[in-house]
Engineer: 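Below is a structure I'd like to ask you about.
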Amino acid sequence: MSTETRSNADQRGWQAVIGLEIHAQLSTVSKLFSRAATAYGAEPNTQAALLDVALPGTLPVPNREAIRKAIQFGLAVQGTIAQHSVFARKNYFYPDLPKGYQISQYELPVVADGKIAVRVDDGRRIDVEIQRAHLEEDAGKSVHDAFHAETGIDLNRAGTPLLEIVSAPVMHSAAEAVAYMRTVHTLVRWLGICDGNMQEGSFRCDCNVSVRRDGETRLGTRTEIKNVNSFRFVEKSIEYEIERQIRALENGEAIVQETRLYDPTRHQTRPMRSKESADDYRYFPDPDLPPLAIATADIERERAALPELPQARRQRYIDGLGLPEADADQLCADRANADYFEAVLAAVPGQAKLCANWVLGEVAAGLNEAAIDIAAAPVSPAALSQLLQRLRDGSISGKIAKDVFAAMWQGEGSADAIIDARGLKQISDSGALGAAIDAVLADYPSQLDDYRKGNDKLLQFFVGQVMKRTKGQANPQQLNELLRQKLG
Amino acid sequence: MSSTAFPTLAVLADELRSGRRSAVDLVQQALQRAGQCAALNGFVSLQGDEALAAAAAADSARTATAAPLAGIPFALKDIFCTKGITTTCGSRMLQNFVPPYDAHVVEQLHAAGAIRIGKTNMDEFAMGSSNENSAYGACVNPWGSDRVPGGSSGGSAAVVAAGIVPYAIGTDTGGSIRQPAAFCGITGLKPTYGRVSRYGMIAYASSLDCAGVLARSAQDCATVFQAIAGHDDRDATSVERPADDVQASLDKPLHGLRIGVAREYFGGGVLPAVAQRCHEALAELEKLGAVLVDMALANAHHAIAAYYVIAPAEASSNLARYDGVRYGHRCAEARSLDEMYSRSRAEGFGSEVKRRILVGTYALSAGYYDAYYVRAQKVRRLIANDFAAAFASVDLIAGPTTPTPAFRLGEKSGDALAMYAADVNTVAVNLAGLPAISAPAGFVDGLPVGLQLIAPAFAEARLLNATHQLQRVTDWHLQEPAA
C-alpha cells in the first residue's frame, strides 16, 4: 500500500510532492457572518438568514466564536496569529453562491507559519509546515435530483464557517499525507473546534500532487484533487495520481495543471476543469468588513485556556506514566478517550497500565460493538475505577472483573452492587479457603500422592479444583500460597 | 405663489404637540402637494393610505412630549429596504422586489414616529449625478423644468425643494446628497462614514456609501440626524460611538472658528459666478466671527480618478448578487445557466450600471489590480492624509459643492466623463469618510448654488452649528422655486 507506492516511486527515480488544503468546519452555533444556525440535516433553506440569501442591503458581521476557534488552532500549531487579518471577497458566479462572492481571507490570513509533528505508519516522524489557516464561508448546495429538469438550491450550508488549513508541499507519499490529515483531524477534534464528521463534510480536503525526478529541486506541475472526504480516499486518490503522473511523464507527456475529481468506485481521478480556463476570482478586501483586529490580550486568553495538546499528553503518558507508545498513541487519538482514561486513573492512582488496558480493551470493545462514542459509554470512569479498585484490593479476580464489567455495561448497577448481588466476592478468608483446599486434597488422594512424588504439574490441577469448588471466587494469590503450605 | 413649504421641524413638532395641527393634516398636505408636483417624477412609489393610517394613529396617541419627528411626513430614497413595500433602487432589476425587512434607518425613523409618504426616485443603484439613470424616468429640478435635480438622491432633493415633505432621507457615495441639495437649493448632510448604519441600505460602493438627510435647514438636518445616527451591531462598519447632541451646539457662536478655503475647490472648472456666491457666503460666516484661512489640498485633483476606480470595483462585486436566481429580474426561457445570468443582467441593468460593473471588473482583474485598485487605494490614503493634515490648522474646509448650478437634462447624459468631472468637489469627502454639508449660498441665473463645508470625522455638530448660524443671518435656504 502507501509505503509501497512511495518506495515504488523512489525506486523508479521519482519523488512525489504533496500539499493538502484541509477544510475544517468550525463547530459554532451560528454561521460565520449571519445568525442562522449551522446544524446539519435541516429541511432545505430553513437555516438561511437574509444575508445567506444575499438579499439587497444585508451585511456580514463576523462570528467571534469562529475567530476564537481559528486562534485556538493557530496557537495549537505554534503559528503566528495575525493581529490584523483581512476578509477578502472571492468573486465568481454560481447558483449556490448567493452573493456572487465568497468571503474568505486572501493576502492576510488569521494564522500563518505553523507546524505540526506527524508520526507516519512506518514509525517515522515528520514535521509538516502549515503555511496558513484562514477563515472562510462555505457555499450552499445545488440539488440536481429533486426536481425534473431543474436545479434546486439549498442555502442551509451557505455561510457555514470553515477553517482552511494549508500545508506546505512537504509530503512525499500518500501515507505521509494521510498521517498528516489524521493528525490534524485529531487536533481539531481535540481542541473542540470541529466535530471532524467526514460523512457530513465537516472535514474534507483538496490534495495538491506533483512528481519530480529524484534530485530535482523545482516542483513539477501539480494537479489538485478536489473535495476528498475520507482518509482512505485521500490515500487512494493520491496513490493513483502519483502513478498517473509518473506514467505520463515517462511516456513523454506533459502534466496539465488542472483540478481533478476522485471517483471512489473506480479508484481513479479524472479532470474536472482546467486551471488555464479557470475564473479570475478578482480578490479584494471586503469593504463591508473592517480588518479583523485581534488584541494580544485575546490571544493570550486563548493560549491560557488551551488544553494540553495530544502530542504533549502522549509524551506524558510515555515518560510520566510509563505507558507503551502504542497505548499512548491509542489513548491520545481522541481527547474524550484520553480524558476518560485519566478520570479512571485518578481514582486508581499508580495503575496507569491497568487503566489503559481496560480503556483500550473492554471499554473500546464495548464502544465498538455498540458503535457509540465514549461520551455515551454506559460505564462511567468513576464506575470503572470502582471495579478496578475491587480488582486491586483482591475482592475479585481478573476473570470475574470482566464478567462484572459486562454486567455494568448492561446497566445492572455499580461494580460493588453486582459483586454483592451475585456473591462474586473473592474468598480471601484463609479459614474458608483452607477448608476448601482440605476438601479437594481429600477428594483426590492419588493425585496428592503423585504430587508428593514430584509431579509438580499437579499444583495447577489442585488450583483448578479449588476454583471450581469456590465457583471461581478464591483469591488466586492466596490460594497459591495456602496450597503450597498444605502440600509442603 | 405663497409659501408651500413646511415650517421648521421644531415648529411642526410644537404644533402637533399642542394640537394646533394634526399629523393627518400634514400627511394630507404632503400627499396633495405630491399630486400637484407629479411632473417632477420625484417619487417611485407613494404609500398614501399607509401614511394616513399612521398619521391617524399618531394623532390619537398625541402627547405633549411626543418625539421631535413624530407625526411628521418624510420621503425615503428607494435604496432603503422597506418591509412589504417594493424597493427598486431605481432599477428594473428590482422592479418587483419586496423586502421582508426594514433597513436600520427605516426602523429608527419608525421608532421616532416619523411617517413615510413615499419612496423617492434616484439614479439606478445610486450611480449617477443627474437622476437621469433611473429606470423610472428622470426626475426634474423644481427650480427649472429643463434642469436635472442632481443625483443620485435627485428625488429626495426635489421633493423637499418642492415643499412636498419637510425632509427626505438620501444616500451619498460620492456626493449624492450634497450635489442634489446644492442643485435644488436645500441643505444636505452627509454624516461621517459609519455614523449611520448601512443595514438594509442597498449597496453601491460599501466603503463609501453613507445615509444622510436632505432638508431645508441645518436645524432640521440636525433633528433628523439625531434620529438616524448611532451604533448598529448589524453593520460591522458602524462606529461604536454615541451620537453627539448636535442640537445642543447649534447655537454656539462662531468666534474663532477657522474655516479653510481650499484653493483647489475654486479651481479651473468652477463657474466664476458660483465661486463668487460661495465667497459671499463665506464672508457672512466671517462676519459671524469665523476666520477664513487660505489653504491647499495637494491631492484633491486625484480624487475623481481614485473614486471612479474604487466605487465601480466595489459595485462590480456588490451587484453580482443580481443573478436572477433568488429574486429580482429573471429573463424568460433561458436555455442555460450562463444565458440566464447574462440575459437577466443585460435586461435588468441600465447602461450606466453596466458601464460601472465593467470598469470595476476590469480594475479588479488579475494583472490590472495593482495598477488600478491598489493604486487608487493609495491615492485614497493620500487624500485622507491631506485632510488630516489640514484639520490640524483649520476647523472646517469650505468650497462650492458643485462647479456649476444644475445643468440641463440631457446635457451630460451622453458624456460620462463630463458627468463624472462635475463630482470633483464632493468625492474626496467620501474617500476620506468625512462628514460634510451643502447649504444654499445664493443663486446664479435663478438657479441655486451650494456651499460645501467639510469637517473632521464625527464633527457633524460643528458643520450643523456653522450652517445654522449662517442660516440665521441669511435667507437663501428659505427661497422657494416658483410653483
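Throughout, protein chains are lettered first and strands after them, A, B, ... in sequence-line order, and every chain is numbered starting at 1.
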Engineer: Quick one: of A:A54, A:P290, A:P285, who has the most non-hydrogen atom pairs under 4.5 Å with chain B?
Structural biologist: A:A54

Engineer: Do other residues, nucleotides or ligands put more than 12 heavy atoms under 6.0 Å from A:R35 CZ?
Structural biologist: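 Atom CZ in A:R35 is not crowded, with 12 or fewer foreign heavy atoms closer than 6.0 Å.
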
Engineer: Identify which part of A:P62 has an atom lying under 4.5 Å from any heavy atom of chain B, answering side chain, backbone, both or neither.
Structural biologist: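 The answer is the side chain of A:P62.
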
Engineer: Supply the atom-to-atom distance A:L59 CG to B:R234 CZ, rounded to the nearest 0.5 angstrom.
Structural biologist: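 So the gap between those two atoms works out to 9.5 Å.
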
Engineer: Less than 4.5 Å to any heavy atom of chain B: does that hold for the side chain of A:L50, its backbone, both, or neither?
Structural biologist: side chain

Engineer: If you look only at distance, which donor and acceptor atoms sit under 3.5 Å apart when one is on a side chain in residues 84-101 of chain B and the other is two or more places apart or in another chain?
Structural biologist:
{"from": "B:T87", "atom 1": "OG1", "to": "B:T82", "atom 2": "N", "distance (Å)": "3.4"}
{"from": "B:T87", "atom 1": "OG1", "to": "B:T82", "atom 2": "OG1", "distance (Å)": "3.1"}
{"from": "B:T87", "atom 1": "OG1", "to": "B:I85", "atom 2": "O", "distance (Å)": "3.1"}
{"from": "B:T87", "atom 1": "OG1", "to": "B:K119", "atom 2": "NZ", "distance (Å)": "2.8"}
{"from": "B:T88", "atom 1": "OG1", "to": "B:D78", "atom 2": "OD2", "distance (Å)": "2.6"}
{"from": "B:T88", "atom 1": "OG1", "to": "B:G90", "atom 2": "N", "distance (Å)": "3.0"}
{"from": "B:S91", "atom 1": "OG", "to": "B:M93", "atom 2": "N", "distance (Å)": "2.9"}
{"from": "B:S91", "atom 1": "OG", "to": "B:E124", "atom 2": "OE2", "distance (Å)": "2.6"}
{"from": "B:S91", "atom 1": "OG", "to": "B:G348", "atom 2": "O", "distance (Å)": "3.3"}
{"from": "B:R92", "atom 1": "NH1", "to": "B:E347", "atom 2": "O", "distance (Å)": "3.3"}
{"from": "B:Y101", "atom 1": "OH", "to": "A:P56", "atom 2": "O", "distance (Å)": "2.7"}
{"from": "B:Y101", "atom 1": "OH", "to": "A:G57", "atom 2": "O", "distance (Å)": "3.4"}
{"from": "B:Y101", "atom 1": "OH", "to": "A:T58", "atom 2": "N", "distance (Å)": "3.4"}

Engineer: What are the two closest non-hydrogen atoms of A:P98 and B:D323, and how far apart are they?
Structural biologist: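 It is O-OD2, 4.5 Å.
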
Engineer: Quick one: what part of A:D288 sits under 4.5 Å from any heavy atom of chain B, side chain, backbone, both or neither?
Structural biologist: both

Engineer: Under 4.5 Å heavy-atom distance to chain B, tell me which part of A:L155 shows up: side chain, backbone, both or neither.
Structural biologist: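 Side chain only.
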
Engineer: With only heavy atoms counted, which part of B:Y199 is less than 4.5 Å from chain A, the side chain, the backbone, both or neither?
Structural biologist: both

Engineer: Taking side chain to side chain donor-acceptor pair (under 3.5 Å) as the test, write out the residues that go with A:R68, two or more places apart.
Structural biologist: A:E65, A:E302

Engineer: Answer yes or no: are there more than 12 heavy-atom neighbours, outside A:Y106 itself, under 6.0 Å from its atom OH?
Structural biologist: no

Engineer: Step through the shown structure and confirm whether more than 12 heavy atoms of other residues, nucleotides or ligands are within 6.0 Å of NZ on B:K354.
Structural biologist: yes

Engineer: A:F33 versus chain B, heavy atoms under 4.5 Å apart: side chain, backbone, both or neither?
Structural biologist: neither

Engineer: Once you round to the nearest 0.5 Å, how far does OG of B:S317 lie from NZ of A:K99?
Structural biologist: 9.5 Å

Engineer: Using only non-hydrogen atoms and a strict under-4.5 angstrom cutoff, which residues of residues 361-385 of chain B touch chain A?
Structural biologist: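 Against chain A, the residues of residues 361-385 of chain B that fall inside the cut-off (heavy atoms, under 4.5 Å) are B:T361, B:L364, B:S365, B:A366, B:Y369, B:Y373.
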
Engineer: For B:R326, is it the side chain, the backbone, both or neither that has a heavy atom under 4.5 Å from a heavy atom of chain A?
Structural biologist: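 The answer is the side chain of B:R326.
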
Engineer: Sort B:D233 into side chain, backbone, both or neither according to what part of it lies under 4.5 angstrom from a heavy atom of chain A.
Structural biologist: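 Both backbone and side chain.
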
Engineer: How many angstroms lie between CZ in B:R321 and CG in A:L97, if you round to the nearest 0.5 Å?
Structural biologist: 10.5 Å

Engineer: Any residues in residues 200-208 of chain B near chain A, with a heavy-atom distance under 4.5 Å, and which are they?
Structural biologist: B:G200, B:M201, B:I202, B:S206, B:S207

Engineer: Could you tell me which portion of A:F93 (side chain, backbone, both or neither) has an atom closer than 4.5 angstrom to a non-hydrogen atom of chain B?
Structural biologist: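 A:F93 touches chain B through backbone and side-chain heavy atoms alike.
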
Engineer: Kindly give the heavy-atom pair with the smallest separation between A:R89 and B:E314, and that separation in Å.
Structural biologist: NH1-O, 4.1 Å

Engineer: If I measure from the heavy atoms of chain A, does B:Y322 come under 4.5 Å with its side chain, its backbone, both, or neither?
Structural biologist: side chain

Engineer: Where on B:F125 is there a heavy atom nearer than 4.5 Å to chain A: the side chain, the backbone, both, or neither?
Structural biologist: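 Answer is neither: B:F125 stays 4.5 Å or more from chain A.
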
Engineer: So which heavy atom on B:N318 is nearest to which on A:Y101, and how close?
Structural biologist: OD1-OH, 4.4 Å

